[in-house]
Amino acid sequence: MADARTVTVNVLERIRIMAVELRPPELDYLGLVAAMEKYIINFNNQNSLNVEFTPPLEKLNMSNNTAVSLYRILQESMTNIVMHANAHNVYIMIKKVDSSIYMQIQDDGQGMGENAVEIARGKNRLGLFGMQERAELLDGVLNIDSTPGNGTRITVILPIGSEEC
């Protein structure tokens, strides 16, 4: 009985950590940029990548759905870079352009071939497809520009939305 309790406590703690990672409290209290900065600092401490982040020059007001989607796209991109890209440097930039939020994540890794999203989806690796779907659900666009040997650039453009974040 004691072993079952220990296993349950450990599983619940892991679920709690995953939930916080999926939607960190900083998104609600400090906004998207602060949440991204904290994520990037923690990411740098755990991985051997040089990550440069260029925050926006102005405060970003956007819907909560937009903020969560941008944050999750950042997380998935960084996970993919560590797992697949063999990159040394990552450049992340976010800014407001007219009535949209523009985010770009670029690495100097090995790049991907054509139809990477479709190939990954066929292998039940849904990260790239999920990022694309998140953008489309918010009437946005996600572009992946990559060629073998030349790194990858992911560009996301999402409408700001009506509610403030």
Heavy-atom pair of closest approach, residues [X] and [Y]:
X: V33; Y: P55; value: CG1-CB, 3.9 Å
X: V141; Y: A135; value: C-CB, 4.0 Å
X: I154; Y: S77; value: CD1-OG, 3.6 Å
X: I160; Y: N61; value: CG2-O, 2.6 Å

Measuring from atom [atom1] of [X] to atom [atom2] of [Y], what distance do you get when rounded to the nearest 0.5 angstrom?
X: M93; Y: K95; atom1: CE; atom2: NZ; result: 4.5 Å
X: N45; Y: I40; atom1: CG; atom2: CD1; result: 12.0 Å
X: L32; Y: I101; atom1: CG; atom2: CD1; result: 8.0 Å

Problem set entry | Polar side-chain atom of S146 near backbone of G151 as donor-acceptor pair, under 3.5 Å |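 Answer holds: yes.
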Exercise. Is it the case that Q104 and Y102 place a side-chain donor and acceptor less than 3.5 Å from each other?
Worked result: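 Note: Q104 and Y102 side chains meet the donor-acceptor criterion.
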For this session: Verify the distance criterion only: is there a donor paired with an acceptor across the side chains of T66 and S69 at less than 3.5 Å?
Result: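 T66 vs S69: no donor-acceptor pair found between side chains.
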Problem set entry | Qualifying salt bridge (Lys or Arg N to Asp or Glu O under 4.0 Å) pairs with a residue from residues 135-156, counting only residues at least two apart or across chains |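 Sorted result for residues 135-156: D145-R153.
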For this session: Report the residues that fulfil ring pair (Phe, Tyr, Trp, His ring centres under 6.0 Å) with F53, sequence neighbours left out, ordered by chain and then residue number.
Result: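 Scan of F53 (ring pair (Phe, Tyr, Trp, His ring centres under 6.0 Å), adjacent residues dropped) gives none.
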For this session: Identify the residue among D107, D108, V82 that makes a side-chain contact (heavy atoms from CB on, under 4.5 Å) with L49.
Result: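 Exactly one option meets the side-chain contact (heavy atoms from CB on, under 4.5 Å) with L49, and it is V82.
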